[in-house]
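Everything below concerns the one structure shown next.
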Amino acid sequence: MTIMVPRKHGDASDGMVGGRLSRFEGNLKVTGAATYALEYPTEGVVHAVLVQSTIAAGKVVAVDISRASAMPGVLLVLTPEDDLGLRAAGDWAGTAPKDEAYYPLPRNVQFNGQSIAAVIAESREQAAEAARLITVSYEETASVKDLEDPAAGEGKMMGNLTVGWGDAEAALAASDVTIEAEYRTPREYHVAMEPHGLIARWEGDQLTIWEPSQWSHGMARMYAEWFSLPLENVRIISPFIGGGFGSKGQPLAFGAVAVAAAKKLGRPVKLAVTRPQNFTSYGGRAATRQKIALGATKDGILQAIVHRGYSETSVYADYAEQTGAATPVLYKVENYSSEHRIVPVNTVTPGALRGPGKNPSSYGIESAMEELAYALGMDPLELRLKNYADHDYQSGKPWSTRRLREALTEGAAAFGWEKRSHEPRSMRDGNTLIGWGIGCGTFPVIRAPSEAMIRILKNGRVEVVSGSIDMGQGTYTILAQTASEALGVPVDQIDVLLGDSRLPGSAIAGGSMLAGSITGAVHKTAVAARDELIGLALSEAGSPFRDTGANTLSLAAGRVSLPRDDGPSLSLAELMTALGRDTLEIRRNTLSDDAQTAEDQRRAWTTMAKVMGPTMGEFSMHSWCAHFAEVRVDEDFGTVRVSRMVSAFDCGRLYNPKMVESQWRGGIIMGVGQALLEEGIVDARNGRTINNNVGDYLVPTNSDIPDLQVISVGVPDLNASALGGKGVGEVGIVGVAPAIANAVFHATGKRVRDLPITLEKLI
Ligand code: MCN
Ligand code: MOS
């Protein structure tokens with residue numbers, strides 16, 4: 001467990017909610033002082049290396065381990081022959097586990113790159129060398145390589161994702177102006193700086209796992225279910241994480257293998273997933289296809305949206321990358337129809353990647369809106385403002401807050417949009433074509449209960465304790481700010497402890513739901529701690545306040561005083577000494593009062609059962625943004641550079657604008673990668689991801705990124721969270737790719753409808 005010592009930057013108000021405090025753990029990370037999961041010294045640790053399938057579908061007939069087993073240092077080889085004794089785990093939603101066995105090294109191969117064997121040896125080098133000597137014979141069967149494969153078919157309709165109102169087909173047919181187009185996105189990957197891996201250690205029936213985790217409690221539950229252990233016997237430790245972006249929210253097959261090996265050997269096992277193995281040990285964003293038809297009147301009033309989407313999933317689990325996630329909430333439209341199908345292919349099951357659903361969805365609708373603007377001969381900004389949704393047409397509910405209009409108008413003003421000339425290819429600088437485009441984005445406000453603990457120590461320091469995590473988004477820092485403000489204690493007197501499933505329960509750091517949830521819990525706990533401390537100071541023998549006759553006290557700048565300022569004034573340390581206390585410990589949660597049983601709490605912290613979606617109350621609640629992109633395209637070579645971006649956001653109140661701005665910029669940078677570079681390429685012969693490394697799977701570098709101007713237009717939204725903030729982490733990427741695609745069209749007159757926009761598609 002790591003205690004964070006905050007350092008203060010700038011003026012005193014930086015430590016309050018809304019201040020621009022720097023990330024506490026950033027310094028530790030860049031200087032190497034932060035301990036990542038695989039860096040924990042564990043005596044007697046041995047090393048596991050995975051062997052993955054080289055076919056897309058079939059059966060493992062035999063695994064020859066004779067040469068591997070004979071290698072020096074090799075302790076154990078696991079293959080589909082070994083029954084590891086695991087049971088199936090329940091899913092995120094909290095559905096009870098199926099009563100069946102779980103095989104993390106299965107005999108049936110369902111995708112290329114599936115783990116089918118593991119070697120455990122005294123050193124990693126010995127294990128890696130032995131792993132190369134394993135030979136596997138397969139009985140290969142027919143497979144579906146990807147969405148392009150003629151064998152892929154039409155997939156299955158996801159009935160729960162069908163959305164409709166009015167009569168979209170009829171209204172489309174009756175519209176003056178229509179456009180119809182198909183948009184495509186490829187497989188995309190998280191590529192977090194810290195690859196996956198873990199150290200697993202058993203002590204009797206107690207299991208400790210050091211593994212980067214976006215959700216320590218949920219992962220602990222799933223490991224407990226796999227190994228038939230009581231939840232309290234499993235501990236996940238994850239104080240520092242080198243990014244997750246959606247990939248680190250649940251335990252994966254390799255984790256089960258490492259834990260099972262540690263149990264068999266009676267020694268701690270370290271398993272580092274190699275970078276190439278990271279491309280198939282968990283799924284990235286699914287490839288998508290979507291057909292969108294828009295109908296409008298001559299003066300640009302939207303009449304109908306008809307939307308048909310597809311995304312790939314695996315052959316063993318249904319995961320929908322919901323192409324219809326943003327389409328129904330962005331515009332005012334009386335006739336709407338959207339459907340989504342998932343197409344099973346032989347891949348690892350895709351997963352959530354920053355802005356899941358909303359991201360490809362906004363690429364579709366925001367590209368289509370610009371195509372409509374050109375069909376109408378109308379400025380794309382004007383078209384968007386003209387069709388501004390005054391409420392949520394899908395749920396029929398009013399928005400809690402929606403400052404998308406301000407995002408569009410203030411973003412446009414900062415960008416200088418009025419200087420745009422509408423015709424494609426009409427703006428240039430010598431041989432360079434210049435284009436401007438807009439893309440709007442949105443992400444729902446997702447709320448979840450959480451728990452927190454505050455400890456006031458005898459030395460006057462305050463600990464904020466939570467099992468939530470910080471993968472770089474700033475949880476440590478905003479929790480110190482939240483506690484500082486509510487308690488009246490300077491931020492440099494506060495230590496935040498996170499990243500351990502033994503600590504108080506928390507929402508997942510996913511779906512942009514953590515900050516709103518956990519600041520709410522910490523705020524509530526800090527207010528209770530303050531009340532408790534003042535109550536004790538007024539009533540306990542030994543306290544100099546007891547006989548002052550005061551009925552309340554003030555706590556400010558870390559000192560407890562009479563409100564009138566004319567009596568005793570004690571620091572926290574002095575007061576704790578006067579009270580004769582070593583610690584004062586307060587724990588609170590944000591579950592409702594009638595849902596406080598142990599079972600309620602277990603479900604709340606280890607499943608998604610108590611998570612609330614954006615329309616589960618009176619209002620429809622979302623974050624919003626508008627991106628304005630400028631691209632420069634070399635007319636001869638077709639190379640595209642993003643030369644300027646202005647993005648305006650409504651994310652409600654910002655707990656820490658400095659971190660919010662870097663969250664937004666981080667999302668925008670990932671969006672630039674999505675628009676111009678990122679594409680998982682599948683070998684049609686064997687279903688293998690070919691570019692499974694950071695040399696060939698391109699993500700943006702600093703030189704690909706211009707200055708990114710970000711603007712906040714939000715106002716506090718107290719329906720969305722206790723402190724008025726909406727989600728920040730995901731919305732930044734949403735809408736970037738269409739803004740760039742639209743700018744490329746404006747520059748070149750060529751509409752590329754499949755990402756990424758590479759030069760060969762432009763020439
Ligand atoms: N914040 C704020 N004011 C708000 C909301 C948020 O100051 N109103 C700031 C805080 O610093 C907070 C951060 O923004 O810590 C993110 O808050 P939130 O939007 O609630 O997102 P979560 O804390 O739930 O984090 C998860 C989110 C997701 S889902 C992905 S994907 C993502 C992201 O955060 N992955 C990230 N940002 C990331 N940032 C880094 N560095 N690494 C990742 O892997
Ligand atoms: Mo974020 S993709 O929901 O972890």
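Computation of the quantities below employed the complete heavy-atom set of this structure, encompassing side-chain atoms and omitting hydrogens, waters and symmetry-equivalent molecules. Quick caveat, the model's predicted, so the values are computed rather than measured. All ligand and atom numbering here is 1-based and tracks the order in the structure.
No N or O atom of G243 sits closer than 3.5 Å to an N or O atom of ligand 1. Distances between N or O atoms of M513 and those of ligand 1 include at least one value under 3.5 Å. Note: no N/O pair closer than 3.5 Å links G727 and ligand 1 by distance alone. Residue-to-ligand polar distances keep G725 apart from ligand 1: every N/O pair is separated by 3.5 Å or more.
Only the side chain of P356 comes within 4.0 Å of ligand 2, counting heavy atoms alone; its backbone N, CA, C and O stay farther away. Contact annotation: for I508 versus ligand 2, there are no heavy atoms closer than 4.0 Å. Contact annotation for R354 and ligand 1: heavy atoms of both the backbone and the side chain come within less than 4.0 Å of the ligand.
In this structure, A192 does not count as a contact residue of ligand 1, since none of its heavy atoms falls inside 4.0 Å of the ligand. Residue contacts with ligand 1 include A509, since one or more of its heavy atoms lies under 4.0 Å from the ligand.
A donor and an acceptor atom, one from each side chain of S501 and Y223, are nowhere located under 3.5 Å apart.
With ligand atoms numbered from 1 in the order given, ligand 2 contributes 3 (O), 4 (O) to contacts under 4.0 Å with heavy atoms of G510. Within the listing of ligand 1, atoms 43 (C), 44 (O) sit less than 4.0 angstrom from a heavy atom of G244.
Looking at heavy atoms from C-beta onward, D650 lies out of side-chain contact with E406 at the 4.5 angstrom threshold. With contacts defined as side-chain heavy-atom distances shorter than 4.5 Å, the pair V343/R289 does not qualify.
In terms of protein heavy-atom proximity, atom 3 (O) of ligand 2 is closest to G511 N, 2.6 Å. In this structure, the protein non-hydrogen atom closest to atom 15 (O) of ligand 1 is Q473 O, 2.9 Å. The protein heavy atom nearest to atom 1 (Mo) of ligand 2 is E730 OE1, 3.1 Å.
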Quiz item: Could you go step by step and tell me if M158 and I342 meet the side-chain contact (heavy atoms from CB on, under 4.5 Å) rule?
Solution: CA-CA 7 Å; M158 298 297 278; I342 54 171; 3.6 Å; yes

